[in-house]
Amino acid sequence: MAKICDIVERKGHTMLTGVTDGIFCCLLGAPPNAVGPLESVESSDGYTFVEVKPGRVLRVKHAGPAPAPTPPPPLSDAAQGDQSGLVRCQRRITVYRNGRLLVENLGRAPRADLLHGQNGSGEPPAALEVELADPAGSDGRSVPGSAGSGSGGRRRRARRPKRTIHIDCEKRITSCKGAQADVVLFFIHGVGGSLAIWKEQLDFFVRLGYEVVAPDLAGHGASSAPQVAAAYTFYALAEDMRAIFKRYAKKRNVLIGHSYGVSFCTFLAHEYPDLVHKVIMINGGGPTALEPSLCSVFNMPTCVLHCLSPCLAWSFLKAGFARQGAKEKQLLKEGNAFNVSSFVLRAMMSGQYWPEGDEVYHAELTVPVLLVHGMHDKFVPVEEDQRMAEILLLAFLKLIDEGSHMVMLECPETVNTLLHEFLLWEPEPSPKALPEPLPAPPEEKK
């Protein structure tokens, strides 16, 4: 810890966000200075500066209940004689060379347990066929045997699949209650934000006895901001989140992500399926590979972005909130949305390249997922979250009519309730696990 404190003391620069900074940058032709972690003006209790690699320091909010006496070890499943929460995940994923993806849920569809326990909906489809957003090796030509090819509706022999993935495993999905020593909630924000956007959620779950962990991404909040664009690629940031996860993770970990932060939750859930117990995705978008846009305002020079920062903040306010009143402006200020240097913002947007995170990658996840979407979101259409719900094995979607992209700031009570209900939820025992009724006693003969 002493080493981290030394790093904090050596770095005392503040982030450049104003128009004046942009004008000086344009006149002098100099890039902004490096931004280092800052001590909080308020009490620093609960904040830790973690050096994920030499010179790369992240601020982390780590809070939870006071340590309780060590409880007795839980009984094994056999000793409990209980099959509650046990789900059999069986799925076959077939990728064809013509860019088609066939997802088949085999056996008893586990998503039915989720839907029955939460939404009261019926059985999900046993098979789902979709077209990959960017199929590997696709050259735009019509492929024999593909949909729409041929004449007169004549059916042709299907081509051999490019690859087939079989999933067959059992997962125990249990209720995650506050003050349980093996449960940790991880909150990961998106581009331009900070851990401050989770204030309402962090306070709520700490009061309920949960242990919470919320980091500032590199270049955001009070974390260090290297002046190298490579420091903000998806892979660099994902390794940061891996380091934070490995530092604080326990037996049952729940990942909560917003916007770009959802991609890091997906990455961790795929990498650590035995440690990630549940995932919550808030306005995260569809299950497609990440690729930076070539026609974006964030491709402009850093100095121009400095000058445009007030316009960007106003545009974010209009697109990210359902209303644009004084309350929303204050939330925007307190949440530090887009309160990052123009260099970091530009590097973050151009570094969103993750070709592995496609539909197949998401279809392989076996962790239960709650999708939360604000219906007024202008960044993420609801159709993208609907597509995500279709692709995922154990998932369902909750819509909030009054919310937009920053729904956890706009509707904190609603979001907190949905998250808490999902944490407490566990699937009902399968029919095979239910004990057989005892035979009726024989009638007495008269």
Side-chain angles (χ1 to χ4, degrees), residues 40 42-48 50 58-74 84-85 114 117-118 171-190 193-216 221 241 243-258 261-262 264-265 268-269 272 274-282 284 335 367-372 394 398 400 407-409 411-427:
S40 175
E42 301 176 353
S43 173
S44 60
D45 293 343
Y47 290 96
T48 305
V50 179
L58 303 185
R59 182 182 67 162
V60 179
K61 174 72 173 181
H62 179 215
T70 305
S84 62
L114 282 165
Q118 290 285 330
K171 293 186 70 71
R172 181 171 297 280
I173 305 169
T174 56
S175 175
C176 300
K177 301 177 181 178
Q180 289 181 329
D182 64 339
V183 176
V184 183
L185 311 184
F186 290 84
F187 293 82
I188 305 178
H189 67 83
S194 73
L195 62 83
I197 69 171
W198 300 113
K199 182 181 184 303
E200 294 292 336
Q201 287 70 46
L202 297 177
D203 293 344
F204 175 80
F205 285 106
V206 168
R207 287 196 301 269
L208 293 179
Y210 288 91
E211 181 178 355
V212 300
V213 175
D216 280 333
M241 294 301 100
I244 297 298
F245 181 77
K246 292 174 68 175
R247 178 184 177 94
Y248 294 102
K250 293 184 178 179
K251 184 178 180 180
R252 292 185 296 164
N253 304 282
V254 181
L255 307 179
I256 302 107
H258 171 250
V262 167
F264 304 117
C265 293
L268 292 174
Y272 302 98
D274 295 331
L275 289 177
V276 176
H277 200 67
K278 296 178 181 179
V279 175
I280 299 171
M281 303 179 177
I282 302 177
V367 61
V369 179
L370 168 65
L371 298 161
V372 179
L394 299 160
K398 290 291 186 179
I400 300 179
V407 65
M408 62 282 185
L409 291 174
C411 311
E413 295 85 2
T414 303
V415 171
N416 292 345
T417 300
L418 288 176
L419 269 57
H420 191 216
E421 289 178 350
F422 182 64
L423 294 179
L424 298 179
W425 169 83
E426 65 180 30

Test your reading of the model: is there a side-chain donor-acceptor pair from Asp216 to the backbone of Leu58, 3.5 Å cut-off?
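No.
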Looking at [X] and [Y], what are the two nearest heavy atoms and their distance?
{"X": "Pro215", "Y": "Met241", "result": "CG-SD, 3.9 Å"}
{"X": "Val367", "Y": "Ala269", "result": "CG1-CB, 4.1 Å"}
{"X": "Leu409", "Y": "Ile197", "result": "CD2-O, 3.5 Å"}
{"X": "Cys265", "Y": "Leu255", "result": "O-CD1, 3.4 Å"}
{"X": "Leu424", "Y": "Cys176", "result": "CD2-O, 3.7 Å"}
{"X": "Leu195", "Y": "Ala214", "result": "CD2-O, 3.3 Å"}

Pair Val183-Lys177, side chain to side chain contact (heavy atoms under 4.5 Å, CB included): steps then yes or no:
CA-CA 8 Å; Val183 176; Lys177 301 177 181 178; over 6 Å; no
Could you tell me if the side chain of [Y] sits less than 4.5 Å from the side chain of [X], heavy atoms only?
{"X": "Lys398", "Y": "Phe422", "answer": "no"}
{"X": "Val369", "Y": "Leu394", "answer": "no"}
{"X": "Val213", "Y": "Ile244", "answer": "yes"}

Give the ring-plane orientation class for Trp198 versus His258, where under 30° counts as parallel, over 60° as perpendicular and anything between as tilted.
perpendicular
Phe205 vs Phe187 aromatic rings, parallel, tilted or perpendicular, using cut-offs 30° and 60°?
tilted
Is a side-chain donor-acceptor pair under 3.5 Å present for Glu200 with Asn416?
no
Checking Thr174 against Arg252: is there a side-chain donor and acceptor pair closer than 3.5 Å?
yes
Please identify which of these residues, Thr414, Val415, Leu418, meets the side-chain contact (heavy atoms from CB on, under 4.5 Å) condition with Val407.
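So, applying the side-chain contact (heavy atoms from CB on, under 4.5 Å) to Val407 and each of Thr414, Val415, Leu418, only Val415 qualifies.
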Working to the nearest 0.5 angstrom, can you tell me the gap between [X] [atom1] and [Y] [atom2]?
{"X": "Tyr210", "Y": "Leu419", "atom1": "OH", "atom2": "CG", "value": "10.0 Å"}
{"X": "Phe245", "Y": "Ile188", "atom1": "CZ", "atom2": "CD1", "value": "9.5 Å"}
{"X": "Asp274", "Y": "Lys251", "atom1": "CG", "atom2": "NZ", "value": "11.0 Å"}
{"X": "Tyr47", "Y": "Lys61", "atom1": "OH", "atom2": "NZ", "value": "4.5 Å"}
{"X": "Ile256", "Y": "Met281", "atom1": "CD1", "atom2": "CE", "value": "12.0 Å"}
{"X": "Gln201", "Y": "Ile280", "atom1": "CD", "atom2": "CD1", "value": "10.0 Å"}

Is it true that Lys250 and Asp182 have a side-chain N and a carboxylate O under 4.0 angstrom from each other?
no
Are Glu426 and Arg172 within salt-bridge range, i.e. N to O under 4.0 Å?
no
Applying salt bridge (charged side-chain N to carboxylate O under 4.0 Å, His left out), run through Lys199 and Asp203 and close with a yes or a no.
CA-CA 6 Å; Lys199 182 181 184 303; Asp203 293 344; 3.0 Å; yes
Using the rule given for side chain to side chain contact (heavy atoms under 4.5 Å, CB included), can you reason through Trp425 versus Lys278, listing the C-alpha separation, both sets of side-chain angles and the distance that settles it, and then say yes or no?
CA-CA 10 Å; Trp425 169 83; Lys278 296 178 181 179; 4.2 Å; yes
Steps toward side chain to side chain contact (heavy atoms under 4.5 Å, CB included) verdict (Thr48, Tyr248):
CA-CA 12 Å; Thr48 305; Tyr248 294 102; 4.1 Å; yes
Report the C-alpha separation of Leu423 and Val254 in whole Å, then their side-chain angles, then the decisive distance to 0.1 Å, and conclude whether the side chain to side chain contact (heavy atoms under 4.5 Å, CB included) test is met.
CA-CA 8 Å; Leu423 294 179; Val254 181; 3.6 Å; yes
